[in-house]
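This report refers to the structure that appears directly beneath it.
Note on naming: letters A, B, ... go to the chains in the order of the sequence lines (proteins, then strands), and numbering restarts at 1 for each one.
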Amino acid sequence: MKYWLFKSEPDSWSWERQKAKGKAGQQWDGVRNYQARNNMGAMEIGDLGFFYHSNQGLDVVGIVEVCALAHHDTTTDDPRWVCVDIRAVRDVPKPVTLNDIKANPKLADMVLVNNSRLSVQPVSAAEWKEVCSMGGIDPAP
DNA sequence: GCCAACGTTGGC
DNA sequence: GCCAACGTTGGC
């Protein structure tokens, strides 16, 4: 089981819209960055991820689950780009803001803090637990 | 709206 | 294969 973080601007794809997709999930398309793509390639069914709102909100608002392995991104003809499908699992009761994360020394190594431009990033098990508890979730949904 | 950081492109 | 120029992301 691995953990991830998915970033999205609420203007283009919000947590509300993700939740509206329900169990069917949604392909995480539009990624045109090799690192982010490689991360998706490493995902397995059942991996969990944080859903983070960038630009507006700047907080972790939900938990998602990978429900389809990496496959071709149908929004482009370029075969280089793939994406996974994710589905909403639950809300984060107390959204964890970027400021909260930056203020927590245990999270100083999070990619979110150190490489803010990477839109799909790995999260360590320790970081996962910490952010969950900050968000009011007993880790292991 | 601005700007810093980063990634990508393309000329050499 | 290097590096300058450019484009994009995302926090502030």
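Annotation for Tyr34(A): hydrophobic cluster partners, listed by chain and number, are Trp81(A) (ILVMFWY side-chain heavy atoms under 4.5 Å, direct or chained).
By the side chain to side chain donor-acceptor pair (under 3.5 Å) test, Arg32(A) pairs with Asp73(A), Thr75(A), sequence neighbours left out. Every salt bridge (Lys or Arg N to Asp or Glu O under 4.0 Å) that Glu65(A) has, sequence neighbours left out, goes to Arg87(A).
Running 5' to 3' along DNA chain C, contacts with non-hydrogen atoms of chain A at under 4.0 Å begin and end at dG7(C) to dC12(C).
In this structure, a donor-acceptor pair under 3.5 Å is present between the side chains of Gln27(A) and Asp29(A).
In this structure, the side chains of Ile101(A) and Leu112(A) come closer than 4.5 Å at one or more pairs of heavy atoms.
Axis deviation across the helix from dG1(B)-dC12(C) to dC12(B)-dG1(C) amounts to 10°, comparing end segments of five pairs, rounded to 10 degrees.
Within 6.0 Å of the CG atom in Asn114(A), the count of heavy atoms belonging to other residues, nucleotides or ligands exceeds 12.
Within the structure, salt bridge (charged side-chain N to carboxylate O under 4.0 Å, His left out) pairs that include any residue of residues 97-115 of chain A comprise Lys106(A)-Glu130(A) (at least two apart or interchain).
The 5' end of DNA chain B is approached more closely, in terms of each residue's nearest nucleotide, by Asn55(A) than by the other of Asn55(A) and Asn33(A).
Remark: aromatic rings of Trp28(A) and Phe6(A) are close, center separation under 6.0 Å.
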